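The basis for the numbers below is simple: all heavy atoms, side chains too, and nothing from hydrogens, waters or symmetry mates. No experiment lies behind these values; they were computed from the predicted model shown.
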Protein chains: 2
Amino acid sequence: MNIGEAAQASGVSSKMIRYYEQTGLIPKAARRDSGYRDYDDADIHRLRFIRGARDLGFTVEQIGDLLALWSDRERASADVKALALLHVDALKQKQAEIAAMIATLENLARRCHGDSRPDCPIIEGLAESGGGPIAKARPRRFGKVDELRS
Amino acid sequence: MNIGEAAQASGVSSKMIRYYEQTGLIPKAARRDSGYRDYDDADIHRLRFIRGARDLGFTVEQIGDLLALWSDRERASADVKALALLHVDALKQKQAEIAAMIATLENLARRCHGDSRPDCPIIEGLAESGGGPIAKARPRRFGKVDELRS
DNA sequence: CTTGACCTTCCCATGGTTGGAAGCCCCATT
DNA sequence: AATGGGGCTTCCAACCATGGGAAGGTCAAG
């Protein structure tokens with residue numbers, strides 16, 4: 001199977017397949033004489049797994065952990081479950097953050113008369129809301145909540 | 001006011017202040033003879049505004065639009081409200097996506113016995129879930145839902 | 001005048017993904 | 001056999017928002 005067919009079959013783009021290989025998430029693909037990468041059913045299955053995990057908001061790093069558990073037959077499924085539930089916690093926290101943003105914004109919007117007068121509580125409210133000292137070093141561990149594929 | 005003091009007062013790091021200036025989000029700061037940037041209260045207010053909008057999940061690009069409305073006294077507050085509500089819609093959609101992820105994951109986790117047996121429905125379920133053809137070109141317009149400052 | 005904290009500009013890294021260019025390969029049709 | 005178009009290869013760059021750090025200038029206190 002060519003990389004293009006593998007992409008089609010797994011839902012992971014060729015670009016990303018090469019990237020995952022390059023970064024070590026997946027092992028180096030077999031090569032044909034021509035230099036073309038060659039994929040078999042097991043490879044496709046792994047790629048589909050990655051795709052599914054990505055869609056559920058797992059980081060590539062976390063997927064690495066999951067793959068390790070996957071290939072390690074001795075490993076307890078409890079480990080996988082723990083990882084999954086940890087991720088659920090992270091998702092729930094993000095959910096709460098978004099809910100807070102929505103509440104704030106709707107609150108401001110409700111107080112905004114929304115006509116042609118130029119003074120707007122949304123504008124004013126935004127400048128007051130933050131203001132505190134700098135919050136530093138909030139880790140960027142989450143990215144990628146978008147892209148539930150269309 | 002030095003950039004450091006401005007950062008302290010606004011909650012935007014010096015690094016980001018320079019970045020915002022460089023990318024044109026804010027006008028070029030006044031300079032002292034020494035070359036140091038100099039900020040006044042209006043600058044701080046604008047920075048606080050940016051900080052607040054960022055915390056509410058607005059993109060820098062969207063903030064640019066908001067700033068334009070802000071500085072344009074002729075502009076109707078209806079425009080601001082529309083922008084804000086559009087953003088609320090985006091936030092709600094993201095919320096729905098996360099809710100779906102949580103539901104899927106909790107579903108899988110519930111079916112996972114969670115003991116030391118190696119077969120795990122989470123692992124299996126992930127490989128089946130995705131699988132469809134490649135979803136392409138989903139716009140990356142959202143970043144930054146993390147980082148509600150600690 | 002020295003010291004240390006601040007400022008300046010520069011470049012680099014992050015994560016996940018897409019885009020493009022330059023060059024080879026494969027297959028089918030002239 | 002030649003040719004053309006599409007797929008493959010590698011490499012390099014961009015996106016967004018942010019932090020890190022180096023090399024050098026400035027400021028204020030000791």
### Taking every non-hydrogen atom, the tightest pair across A/Leu69 and A/Val80
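Smallest heavy-atom distance, with atoms named: CD1-CG2, 3.6 Å.
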#### Entry: Shortest non-hydrogen contact between A/Leu108 and A/Gly125, atoms and distance
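Smallest interatomic distance, heavy atoms only, reads CD2-CA, 4.0 Å.
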Interatomic distance where [atom1] belongs to [X] and [atom2] belongs to [N] [whole Å]:
X	N	atom1	atom2	answer
B/Arg18	D/dG19	CZ	C1'	12 Å
A/Asp55	C/dG16	CG	P	14 Å
B/Leu47	D/dT18	CG	P	12 Å
B/Arg54	D/dG19	CZ	C1'	14 Å
A/Gln22	C/dT17	CD	P	14 Å
A/Tyr19	D/dT10	OH	P	16 Å
A/Gln8	D/dG6	CD	P	16 Å
A/Ile17	C/dT17	CD1	P	12 Å

Report yes or no: does [X] contribute a side-chain atom to a donor-acceptor pair with the main-chain N or O of [Y] at less than 3.5 Å?
X	Y	answer
A/Arg46	A/Ile50	no
A/His87	A/Leu56	yes
B/Arg111	B/Pro121	no
B/Arg31	B/Arg37	no
A/Asp40	A/Ala42	yes
A/Gln62	A/Thr59	yes
A/Arg48	A/Ala9	yes

Listed pairs, N/O of protein and of nucleotides 1-5 of chain D, under 3.5 Å:
none

#### Entry: D/dT18 OP1/OP2 closer than 4.0 Å to side-chain N/O of B/Tyr20
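Checking D/dT18 against B/Tyr20, a side-chain N or O does come within under 4.0 Å of OP1 or OP2.
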### A/Asn2 side-chain N/O to D/dC8 phosphate OP1/OP2 under 4.0 Å
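For A/Asn2, the contact criterion (side-chain N or O under 4.0 Å from OP1 or OP2 of D/dC8) is met.
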### Query
Does any residue of residues 25-41 of chain B have a heavy atom under 4.0 Å from DNA chain C, and if so, which ones, in number order?
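Output list: B/Arg31, B/Gly35, B/Tyr36, B/Arg37.
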### Query
Taking for each residue the nucleotide of DNA chain D with the nearest heavy atom, is it B/Glu61 or B/Lys15 whose nucleotide lies nearer the 5' end?
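Nearest-nucleotide comparison on DNA chain D picks B/Glu61.
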### Message
Closer than 4.0 angstrom, basic N to acidic O: yes or no for A/Lys92 and A/Asp89?
### Response
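No.
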### the helix from C/dC1-D/dG30 to C/dT30-D/dA1: angle between end helix axes, five pairs per end, rounded to 10 degrees
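Taking five pairs per end, the axes differ by 30°.
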### Query
Heavy-atom count around B/Glu5 CD within 6.0 Å, excluding the residue itself: above 12?
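Yes, enclosed.
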